Amino acid sequence: MNIPRIAKMLNEIDDRYILEAAEQEVSMEVKTNVRRVVIAAAACLCAIGLMAAGWALFDTKDYLSDYDVDPSYMVQDKMITSDGEGHYFGMIMTKTGFRLLGNGGGDAYNICDVPGCDHTDSSVCPALNRPEFTGLSVYDGRLYWTARQKGADISEVFETVNIMSSALDGSDIRTVRSVPGDVFLDTQYNKYIRAHRGYMYFIGVREPEMIFDPETMTSRQNDPDEAYTLNVWAEELSENGESRKIFSFNYEISRQYTYTSQFYANDLYIMLWSSKDDGSFRRFEVYKIDLKTGNGKRIYITDEYDVSGWWLDGSENLYYTETDPGTEKCSLMRLDIDRGKPKKMFEIKAGSGRVINGKVLSLDGNAGKVYVTDFDGNVTELDFAGLTEQVIETYGYAGIALCGVDSENVILQMCDDRCFAVVPLDGGEGRIVMGEGED
């Protein structure tokens, strides 16, 4: 892990004052400069002590630009990420296997450093490894992802999951560490993986142990009372780093659950929707987990309304869209989690949508349009019909899904997992940024 800029700055202060003191006459000014040197040196020692403490480096409620890349601009279950500066990285499906691509603002490139590789042999090419979905992250100037370890025996392929890393240009590919088997089993279902502040976090659901009956060709739970469990594991991004389960939540029997999550600074927020099997008795809960201590608590619960397409800002305001069942009109809502009271902001003229990165996005794939509404109610209509025609011509169909929105583009996934495209917010022409045809 790199030394933060604060430590570098203090070292520069140290050197500057030492030079100043050497150039001064022996006087009170010298004594003053010497005192400055002592203070600066003490500050440096303090910074070194903070580095040794590990988590003290990140003891802030703010995002740290040298380390954090806010992942909340992307939909959770999409295999694409960004460095926050318009450079995208994605995992696509090809005829020969999964391919990991980068885009430095221009042409796409394979994440592969094998000389002469033609990116067709998964036993050689890192760009064709077997990834875990949603596992792409940019952290501290590098790209991180997780991949199932390859092996001669196909039965061993799923035994080990490795945390991988590369430079943003696709070079310097490393295996950071292997993830313990318990982590994979505990988060095998509805998995979400994200690198954040020195750790790779694995979030997912452990299913009850099942027994297969070959005579009836059916499966049943070994223990009928065993519950589905949502788990969160933290894996330190170093070869011999720590591995710990920081949160666990048992689902109630006979209830259906779905979850989404969002990291912000030193906290992880998990939103849980649940209902009875028949759709009745709906419930929405928000949990807040301190990533330093692992302490988690429920900070909000309600059964009075449905929440969809949520986005949480740094002030613990939860934004979401809500559709009135009577009028079928969709509105943007803001929930102050501390007070527990939702407030209607305005009706969304563009129809139903989801909140991402401080904007409401409504996608009309058939018309080739996406509507972007800011929190003041202003609507921007973006036309990507030309992009759709290009994709259909290249791949045979479009298969459009919304991935997210950053400061420059709306990001779309097209043709299922075969390509990613962007539609500029300024009304520029949409374009494919990563696709199966890239070399």
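Positions are given from 1 along the sequence. Values in this document were obtained by computation on a predicted structure and should not be read as measured data.
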Kindly check if the number of other-residue, nucleotide or ligand heavy atoms within 6.0 Å of [atom1] ([X]) is above 12?
X      : atom1 : result
Tyr397 : OH    : yes
Tyr189 : OH    : no
Glu347 : CD    : yes

Between [X] and [Y], is any pair of side-chain heavy atoms under 4.5 Å apart?
X      : Y      : value
Thr81  : Met74  : no
Leu143 : Leu100 : yes
Leu363 : Phe384 : yes
Asn231 : Val183 : no
Arg354 : Val75  : yes
Thr229 : Tyr251 : no
Phe202 : Thr146 : yes

Checklist entry - Is the shortest distance from a Lys or Arg side-chain nitrogen in Arg174 or Asp172 to a carboxylate oxygen in the other one below 4.0 Å? => result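 Yes, charged N to carboxylate O under 4.0 Å.
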Next on the checklist: Whether Asp383 and Lys369 form a salt bridge (side-chain N of Lys/Arg under 4.0 Å from carboxylate O of Asp/Glu) is what I want to check.
Outcome noted: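 Looking at Asp383 together with Lys369, the answer is yes, because their closest N to O distance falls below 4.0 Å.
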Checklist entry - Can you name the nearest heavy-atom pair linking Ile203 to Leu230, along with the distance? => result CG2-CD1, 4.0 Å
Item to check | Distance-only donor-acceptor check, side chains Glu328 and Thr323, under 3.5 Å | outcome: no
Checklist entry - Can you tell me if Glu285 and Tyr287 form a side-chain donor-acceptor pair at under 3.5 Å? => result yes
Let me check something: any side-chain donor-acceptor pairs from residues 232-240 under 3.5 Å, sequence neighbours excluded? List them with distances.
{"residue": "Trp233", "atom": "NE1", "partner": "Asp186", "partner atom": "OD2", "Å": "3.1"}
{"residue": "Glu235", "atom": "OE1", "partner": "Arg177", "partner atom": "NH2", "Å": "3.2"}
{"residue": "Glu235", "atom": "OE1", "partner": "Ser243", "partner atom": "OG", "Å": "3.2"}
{"residue": "Glu235", "atom": "OE2", "partner": "Ser243", "partner atom": "OG", "Å": "2.5"}
{"residue": "Glu236", "atom": "OE1", "partner": "Glu242", "partner atom": "N", "Å": "3.0"}
{"residue": "Ser238", "atom": "OG", "partner": "Gly241", "partner atom": "N", "Å": "3.3"}

Item to check | Verdict with reasoning, Tyr228 to Tyr257, per ring-ring contact (aromatic ring centres under 6.0 Å, His included) | outcome: CA-CA 9 Å; Tyr228 286 76; Tyr257 284 81; 9.2 Å; no
Item to check | Asp374: partners by side-chain hydrogen bond (donor to acceptor under 3.5 Å, both in side chains), with sequence neighbours left out | outcome: Asn378
Acceptor/donor pairs from residues 329-336 side chains to any protein atom, 3.5 angstrom cut, sequence neighbours excluded:
{"residue": "Asp336", "atom": "OD1", "partner": "Asp338", "partner atom": "N", "Å": "3.0"}
{"residue": "Asp336", "atom": "OD1", "partner": "Arg339", "partner atom": "N", "Å": "3.3"}

Next on the checklist: Does the plane of the ring in Phe284 sit parallel, tilted or perpendicular to the ring in Trp273? Use 30° and 60° as the thresholds.
Outcome noted: tilted
Item to check | Side-chain donor/acceptor of Asp313 to backbone N/O of Asn317, under 3.5 Å | outcome: yes
Checklist entry - Within the side chain of Arg99, is there an N or O that forms a donor-acceptor pair under 3.5 Å with the backbone of His119? => result yes
Item to check | Nearest-0.5 Å distance that lies between atom CE in Met164 and atom CG in Leu136 | outcome: 12.0 Å
Next on the checklist: ring-ring contact (aromatic ring centres under 6.0 Å, His included), that's the test. Do Tyr201 and Phe263 meet it? Break it down for me.
Outcome noted: CA-CA 10 Å; Tyr201 290 92; Phe263 290 92; 5.2 Å; yes
